[in-house]
Undergrad: 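Let me begin by handing over the structure; questions about it come next.
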2 protein chains.
Amino acid sequence: MTAGKTTLRLDDFLPYRLSVASNRVSSAIATAYQALFGLRIAEWRLIAVIAEGQGMTQQALGAATRMDKVTVSRAAIALVDRGLVARQPNAQDQRSHLLSLTAAGQDLYESVAPKALELEARIFGGFSPKELAAFRAVLDRLEASAAALDPE
Amino acid sequence: MTAGKTTLRLDDFLPYRLSVASNRVSSAIATAYQALFGLRIAEWRLIAVIAEGQGMTQQALGAATRMDKVTVSRAAIALVDRGLVARQPNAQDQRSHLLSLTAAGQDLYESVAPKALELEARIFGGFSPKELAAFRAVLDRLEASAAALDPE
DNA sequence: CTCAACTGGTAACAGATGAAACTAGGTACG
DNA sequence: CGTACCTAGTTTCATCTGTTACCAGTTGAG
């Protein structure tokens, strides 16, 4: 057998498949959130995380949501403007503030969360729990190995 | 048990996990291609598809790569400018042209492809063929079910 | 103390992206 | 064959995203 060029079928290339699938899913979710609640993804993520642990700094929120601090800042400003999130001064550190949900934010969260789970079910339904667990495990390890390559 | 609010842990929310993992992978790949070959993802995708089937229209390339026609147009222009791709007039339809790799484009492809596969192996290595096949299968079905929800 | 280095958050800028308008060419039907 | 509609590709524009610069506040070494 002679040298032989490497051939690569794009449709078989996993990073490509992953990207396409993820973009489709993100876009479907983004459309739904926007239409239902006027929230962008970043805003929704903040709400979800703040609901779990009130009184976080933006710093902490960025780490929890894997979002850039600029993205977090913008989303936080938007949420405060809409009266969904409140900022309290942080006694420990005057540069930062602690974010928590207002009553309205809490209400919104309580109507968004079920919808989110429903959407997830709609998209990821039709898979067995085992399949999903395996999928999740692959995602976890991928995240780690990709981050190792690109220590952004 | 009383009504009980729905709780949602962001880290357990699959669309979120998928998005984070995919972004990490895409970013690692984009960085590598840019550094090694000065190619952006869209350009690399076009090269890969043209290499498989010379003489395609941009229309066809868009379908094959799931990219917007604007994205395809820009990537095509960049590749032509760099002398990697050539446009031949399409006798059947004067509005479009047929794209093929120049000798330089072919050379580049032949050095990019192995690198791409190596990167893929680096990121997706450590999984068994079975795991990868299952993962791929989930991606396929996801793509379909998300597209159905968001008929963009 | 105080000065240098550092960190949380915002603002300003720049590149990327996609929708919509536009141009040139194609198709259908009288 | 002419006119109304359709499509390939490009350009324009408005938006989004992230990098960099910036300001205010914090920390630590001397």
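We name chains A, B, ... by the order of the sequence lines, and we start the count at 1 in each one.
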Undergrad: Just how far, in rounded Å, is P of dG8(C) from CG of Leu98(A)?
TA: 13 Å

Undergrad: Supply the atom-to-atom distance Leu84(A) CG to Tyr109(A) OH, rounded to the nearest 0.5 angstrom.
TA: 14.0 Å

Undergrad: In whole angstroms, how far is the P atom of dG9(D) from the CG atom of Asp93(B)?
TA: 8 Å

Undergrad: How about Phe127(A) and Phe135(A): are their ring centroids closer than 6.0 Å?
TA: no

Undergrad: Checking side chain to side chain contact (heavy atoms under 4.5 Å, CB included) between Asp68(B) and each of Val72(B), Thr65(B), Val70(B), which is the one that passes?
TA: Val70(B)

Undergrad: Does anything in residues 33-46 of chain B come within less than 4.0 Å of DNA chain C? Heavy atoms only, and list the residues if so.
TA: Arg40(B)

Undergrad: Identify, with sequence neighbours excluded, every residue that meets side-chain hydrogen bond (donor to acceptor under 3.5 Å, both in side chains) alongside Thr57(B).
TA: none

Undergrad: In the structure I gave you, are the side-chain heavy atoms of Asn23(A) and Ser19(A) within less than 4.5 Å of one another anywhere?
TA: yes

Undergrad: Do any N or O atoms of the protein come closer than 3.5 Å to N or O atoms of nucleotides 9-13 of chain C, and which pairs are they?
TA:
unit_1, atom_1, unit_2, atom_2, d
dG9(C), OP1, Gln58(A), N, 3.3
dG9(C), OP2, Gln58(A), N, 3.3
dG9(C), OP2, Gln59(A), N, 2.6
dG9(C), N7, Lys69(A), NZ, 2.9
dG9(C), O6, Lys69(A), NZ, 3.0
dT10(C), OP1, Arg87(A), NH1, 3.2
dT10(C), OP1, Arg87(A), NH2, 3.0
dT10(C), OP2, Gln58(A), OE1, 3.3
dT10(C), OP2, Gln58(A), NE2, 3.0
dT10(C), OP2, Ser73(A), OG, 2.6

Undergrad: When rounded to the nearest 0.5 angstrom, what is the spacing between OG in Ser26(B) and CG in Leu18(A)?
TA: 6.5 Å

Undergrad: Could you tell me the separation between the CG atom of Asn90(B) and the C1' atom of dG26(C), rounded to a whole number of Å?
TA: 12 Å

Undergrad: Under the side-chain hydrogen bond (donor to acceptor under 3.5 Å, both in side chains) definition, can you give me all pairs with a residue in residues 132-149 of chain B, not counting sequence neighbours?
TA: Arg17(A)-Asp140(B), Arg17(A)-Glu143(B), Glu131(A)-Arg141(B), Arg66(B)-Glu143(B)

Undergrad: For a quick test of reading the model, state the closest non-hydrogen atom pair linking Leu117(B) to Thr7(A) and the distance between them.
TA: CD1-O, 4.1 Å

Undergrad: By nearest heavy atom, map Ala91(A) and Met56(B) onto DNA chain D; which one lands nearer the 5' end?
TA: Met56(B)

Undergrad: So Asp68(B), base contact, sugar-phosphate only, or nothing? Heavy-atom distance under 4.0 Å.
TA: sugar-phosphate

Undergrad: Just wondering, do Val112(A) and Leu39(A) contact through their side chains at under 4.5 Å, heavy atoms?
TA: yes

Undergrad: According to the salt bridge (charged side-chain N to carboxylate O under 4.0 Å, His left out) rule, which pairs have a member within residues 33-58 of chain B, sequence neighbours left out?
TA: Arg9(A)-Glu52(B), Arg40(B)-Glu43(B)

Undergrad: Go through the side-chain N and O atoms of Arg87(B) and Gln58(B) and say whether any donor and acceptor fall under 3.5 Å apart.
TA: yes

Undergrad: Measure all distances between protein nitrogen or oxygen atoms and nitrogen or oxygen atoms of nucleotides 1-5 of chain D, and list the pairs falling under 3.5 Å.
TA:
none

Undergrad: Starting at CZ of Arg24(B) and ending at P of dG18(D), how long is that distance when rounded to a whole Å?
TA: 12 Å

